Structure formats: structure tokens, C-alpha cells
> 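First the structure, then my questions, so here it is.
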2 protein chains.
Amino acid sequence: MGSAERKERQRAELREQILQVARDMVMKEGFGALSMRKLADAVEYAPATLYLHFENRDAIARELCVRGFQELLAVLEPAAACEEPVERLSRLADAYVTFGLKQPETYRLVFMEDPKLSADLFQDKQEGAGPKSFAVLVRAFEALKAAGLALEGATPVRLAEVFWAGLHGIVSLKLTCSGFQGAPAEALAQTLVASTVHGPKPARATRRTR
Amino acid sequence: MGSAERKERQRAELREQILQVARDMVMKEGFGALSMRKLADAVEYAPATLYLHFENRDAIARELCVRGFQELLAVLEPAAACEEPVERLSRLADAYVTFGLKQPETYRLVFMEDPKLSADLFQDKQEGAGPKSFAVLVRAFEALKAAGLALEGATPVRLAEVFWAGLHGIVSLKLTCSGFQGAPAEALAQTLVASTVHGPKPARATRRTR
DNA sequence: GCAATAAATGAACGGTGTTCACAGAACGGT
DNA sequence: ACCGTTCTGTGAACACCGTTCATTTATTGC
């Protein structure tokens, strides 16, 4: 009787193993080097077997996208717990950049490959991991605004978008135009924070004398 | 004997034609869809012939990278001619973003594909197109600093890096995470300008949202 | 043990970049 | 005008790739 459940479990296990091996391949050699044949070889099945568990290569990539993004979200959440608004923004920036540099191929897969792969992440306005982590940033800017430290004339949503773009720009330029930037990404991120924080109370690295 | 020169000219012409067709293909269907076989077909030569003019597919891509970047530089230069520092930054941002959205596949090729492809652009610290257009941004921030409008505690070079990253982030998120951002890229770019410009005089010119 | 169902596969199709031995044309020197 | 060299061009092949499908193999319920 319980054999149906066992089969289902085994099926899920194999699916999981495929994703695991695929993840390793992507992290080690990049998404471009993820080949169905090599993947099948690694899990010791015929290539055709993979198609019993995934529609195609892109379906595997999409799943890896979702998981990669969840890892990013998991890294962002502790930083978002910080109370002090400027410090919170600073920690968020640092967490984001650190993740991007530590997991370059994952980051590439999620944010720099085909839009189709990451499209799922930004579908549901409420539940999706994309809007969810974006909301983390928006809240940070709401706190900043409440403290009178945000740029006037721009909504927290707008500021969050620009800030995210800034972080993404820093990480992705580091990943693709390696010879371009001089300063380390973390330093650039902190400059971004300093440049984003406005208002009477100067942010950490900023001192106003006249 | 002018025949040597004629042959050389014909050779250059074919090379040019290959690049032209390749460029069209990339702009229409993206770099991933650029196939040596289809390219050979389009110029009515055998695939092997392409290898008499280019080392491999990447060599073609590199050449397209250089040209694409020069187009960007050509778009940036008029904006850089503006005298008023804030307005100059605003126009630079607008030119950059507009270029990225109008030529998405070119932009992807230059800034979001393999680092190897765009590596050439940032080799020479002096002559290369990369550093050259970066210098345009640095000068803009020097002017901003001279007017007392730049973030204190950060060098113009550093600010230029962060600003570039911000622009790149806006463009590239628009290109890959289409469902992500709500506001149009030009508006985000102007918010970035507003958020970048510091100092006693609030930058009225950047208040407008287009 | 047998029929039905699920899992796995080998072989193929059409595509990719790249190489290389070979053919043909154009050339320079005699 | 001939010949040997040098350059241009190619067809065929190699080793991959993602994907499909008829077929085989294993597992299940009866």
C-alpha cells in the first residue's frame, strides 16, 4: 500500500538530486556550461530521463533561479532587522553586495541571464520572492523618511528602486567588467548609501562643514 | 602593382560586411542567436571562410563590443558638453539610459555578456574607450564638486563609479527583470541624479519627472 | 504468474563552433 | 607563356548541444 508514497518520495529525491548537481555545475562553471548531457552523466541517468522530471533545460534554470533568489532573501532579512535606519540601509547594501560577489554565477543566473528565467520571481505582487524582498528595501526607505533622512520629492518606493539598481549595478559591473572599477564593491556600496542618505544629520562617512 | 592594395581592400570589405551582418543579427535577435553558420549563409560564404577573417565567434563579438561602446560614447559626448554641472549630469544620465533602452541587445553584449568580450575596452588606462567615457563622468563630478554640489568625503572618481553603476543597474534591470520596476527608466535615472546631487542648493532642474 | 503501469533508455534529428585537407584562382618571377 | 607559390574558399568531418520518441526494462496490483 505504502509503495505509492515511496515511489513518489523516490521521484522527489531524484528531482532534488538533479537540481543539486545542476546547482553545483552552475556555481562552478556558470549557467552556460550547464548541459543536459553532462548533467545526466553526473546523476548517472540517460539524458532523456531528465525530461521525465523537468520540461526542459530552462525549467531547471527557473527552479535554480527561485532558490538562488531565496538565498539572497535569506541574507537580506537579518540586515533588515536593524532598527537604526541608516545602519539598516548600510547593512542591506553590504549583505546584497557580499552575496553577489560570493555567488557570482548564481547572481548572474538570477539577474543577468534571460528575463524568462527570473520572470516567475516577480509575478505575484504579494507572495513572490521578488516583490517580497523589494518590500524590505521599501520599508527601509520609509524608516529613513520618517527620520527625515530621505530625499524629498521622491517616494520610498522610487528610492528603493533606484537604490536596488545601484546595488545591482555595482555587483553586475564587478562581474562583467572586471577591469573597470577601481574601488572594491563594498566600498562603492557604502558610498551609494552615503549618497542616498540626505538630510540634516549627515550619514556615517559624511561630514558637513559648511 | 596596385593589385596587392586592391586585394587588401577587398579583404577589408568582406570583413566589414561580415561585421555589418553580424551586427544586424545581434540587434535583431540577440547575441545568443548569432550563429557562425547563419552568418556565413547571410554573407553567402562557407562557414569556414569566416575563420579566415576572424579567429572565432568571440572575436566577432569583441569587435561588435568595441563598436557598440563607441556608439555609446558618441551619445554621451554631446551631453557632456553642457556647462551647468547638474544639468550636465542629468543629460548624461538621460543619454545613457536612452541608449541602453533603444539598443538593448547591443547594451547586453557590451555590459552583460562574458567579461572576456568587453575586456578590451578597459585595457589601456588612457586610450581605451572604456576609461575614456568614464573620464567624461569623472569630469562631470569634478564640476559638481567645484560648485559645492557633490557629496563630501568622496572623490569625483568614486562618485562617478557609483553613478555609472546606478545607471547600469537601471538599464540592466529593465532589460532582464522586465516585470520588476514600476517607474520608467528615465524617471529612475533622474531620481538617481537628484539623489546624487548634494549641497545647499537643491537641484531644481532634476525635480522634473519625465 | 500475468497484465497493466511507470521508469528508463538508445537512437535519432537538427542544430552549434571549429578544424583541416584539399581545390581553385590569382599572383610574381622567369 | 609557363610554372611555382601564395592566398582564398570550401566540403566534410569532429565533437558537442537540446530535445523527442519508439522501445525496452522494471515495478506494481491482482
Side-chain angles (χ1 to χ4, degrees), chain A residues 1-26 28-65 105 109 113-114 116-117, chain B residues 1-19 21-26 28-65 105 108-109 113-114 116-117:
Chain A
M1 277 302 190
S3 68
E5 297 145 27
R6 193 201 57 198
K7 280 186 79 171
E8 186 54 38
R9 202 185 54 217
Q10 284 181 341
R11 204 182 140 78
E13 273 173 13
L14 177 50
R15 195 189 136 95
E16 191 56 35
Q17 195 202 345
I18 293 171
L19 284 171
Q20 194 63 40
V21 173
R23 197 184 103 109
D24 291 352
M25 281 183 163
V26 168
K28 199 160 38 151
E29 311 179 75
F31 174 59
L34 175 62
S35 127
M36 296 299 270
R37 292 178 129 101
K38 281 192 290 184
L39 179 53
D41 226 49
V43 295
E44 295 182 295
Y45 280 93
T49 305
L50 300 181
Y51 292 84
L52 300 178
H53 297 267
F54 298 93
E55 188 193 346
N56 51 27
R57 181 170 174 266
D58 277 7
I60 299 180
R62 280 197 300 270
E63 183 75 39
L64 292 181
C65 258
E105 297 300 343
L109 179 62
E113 295 286 343
D114 204 303
K116 288 180 298 187
L117 301 183
Chain B
M1 304 305 170
S3 69
E5 296 145 30
R6 191 201 57 196
K7 281 187 76 170
E8 184 54 38
R9 201 185 54 217
Q10 282 181 342
R11 205 182 139 78
E13 271 172 16
L14 177 51
R15 195 188 137 95
E16 191 57 36
Q17 194 203 346
I18 293 171
L19 284 171
V21 173
R23 197 185 102 107
D24 291 352
M25 281 183 162
V26 167
K28 197 158 43 151
E29 311 180 74
F31 175 58
L34 175 63
S35 129
M36 295 299 270
R37 293 177 128 102
K38 283 191 290 184
L39 180 52
D41 227 47
V43 296
E44 296 182 295
Y45 279 93
T49 304
L50 300 181
Y51 291 84
L52 300 179
H53 297 268
F54 297 94
E55 187 194 347
N56 51 28
R57 182 171 173 264
D58 277 7
I60 298 180
R62 279 198 299 272
E63 183 75 39
L64 292 181
C65 258
E105 297 301 343
R108 284 192 82 98
L109 178 61
E113 297 285 343
D114 204 305
K116 288 180 299 186
L117 302 183

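In the text below, chain A, chain B and the rest are named by the order of the sequence lines, each starting its count at 1. Source: prediction; values computed, not measured.
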> Nearest-Å distance, CG (A:Leu39) to P (D:dC16)?
17 Å
> On DNA chain C, check which nucleotide each of B:Tyr51 and A:Glu44 is closest to and give me the residue with the more 5' one.
A:Glu44
> Across all strands shown, which nucleotide pairs with C:dT18 by Watson-Crick or G-U wobble geometry, both distances under 3.5 Å?
D:dA13
> C:dG15 base to B:Arg37 side chain: any donor-acceptor pair below 3.5 Å?
no
> Would you mind reading off the distance between A:Leu50 atom CG and C:dT9 atom P, rounded to a whole angstrom?
10 Å
> Would you kindly give the CD-to-C1' distance between A:Glu8 and C:dA6, to the nearest whole Å?
12 Å
> Checking A:Asp58 side chain against A:Ala61 main chain: does a donor-acceptor pair fall under 3.5 Å?
no
> CZ of A:Phe54 versus P of C:dA7: gap in Å, rounded?
14 Å
> Nearest-Å distance, OH (A:Tyr45) to P (C:dG10)?
13 Å
> Answer yes or no: is there a side-chain heavy-atom contact under 4.5 Å between A:Leu64 and A:Phe31?
no
> Reckon A:Ser35 has a side-chain N or O less than 4.0 Å from the OP1 or OP2 of D:dC16?
no
> Could you check whether any side-chain heavy atom of A:Arg23 comes within less than 4.5 Å of a side-chain heavy atom of A:Glu105, counting everything from C-beta outward?
no
> Can you figure out which of D:dC21, C:dA8, C:dC20 approaches the side chain of A:Ala48 most closely?
D:dC21
> What integer distance in Å separates B:Arg11:CZ from C:dA25:P?
20 Å
> Starting at CD1 of A:Ile18 and ending at P of C:dA7, how long is that distance when rounded to a whole Å?
12 Å
> Which nucleotide, C:dT18, D:dG9, D:dG18, lies nearest any side-chain atom of B:Met36?
C:dT18
> Answer yes or no: does a side-chain N or O of A:Arg57 lie under 4.0 Å from OP1 or OP2 of D:dT19?
no
> Among the nucleotides D:dG9, C:dT18, D:dT8, which one has an atom lying closest to any side-chain atom of B:Pro47?
C:dT18
> Could you check whether B:Leu34 gets within reach of a base, just the sugar-phosphate, or nothing at all, counting any heavy atom under 4.0 Å?
sugar-phosphate
> What is the separation between atom CG on B:Leu52 and atom C1' on D:dG11, rounded to the nearest whole Å?
14 Å
> Any Lys/Arg nitrogen of B:Arg15 or B:Glu63 sitting under 4.0 Å from an Asp/Glu carboxylate oxygen of the other?
yes
> Would a distance-only check, ignoring hydrogens and angles, find a side-chain to backbone donor-acceptor pair under 3.5 Å from B:Arg62 to B:Lys116?
no
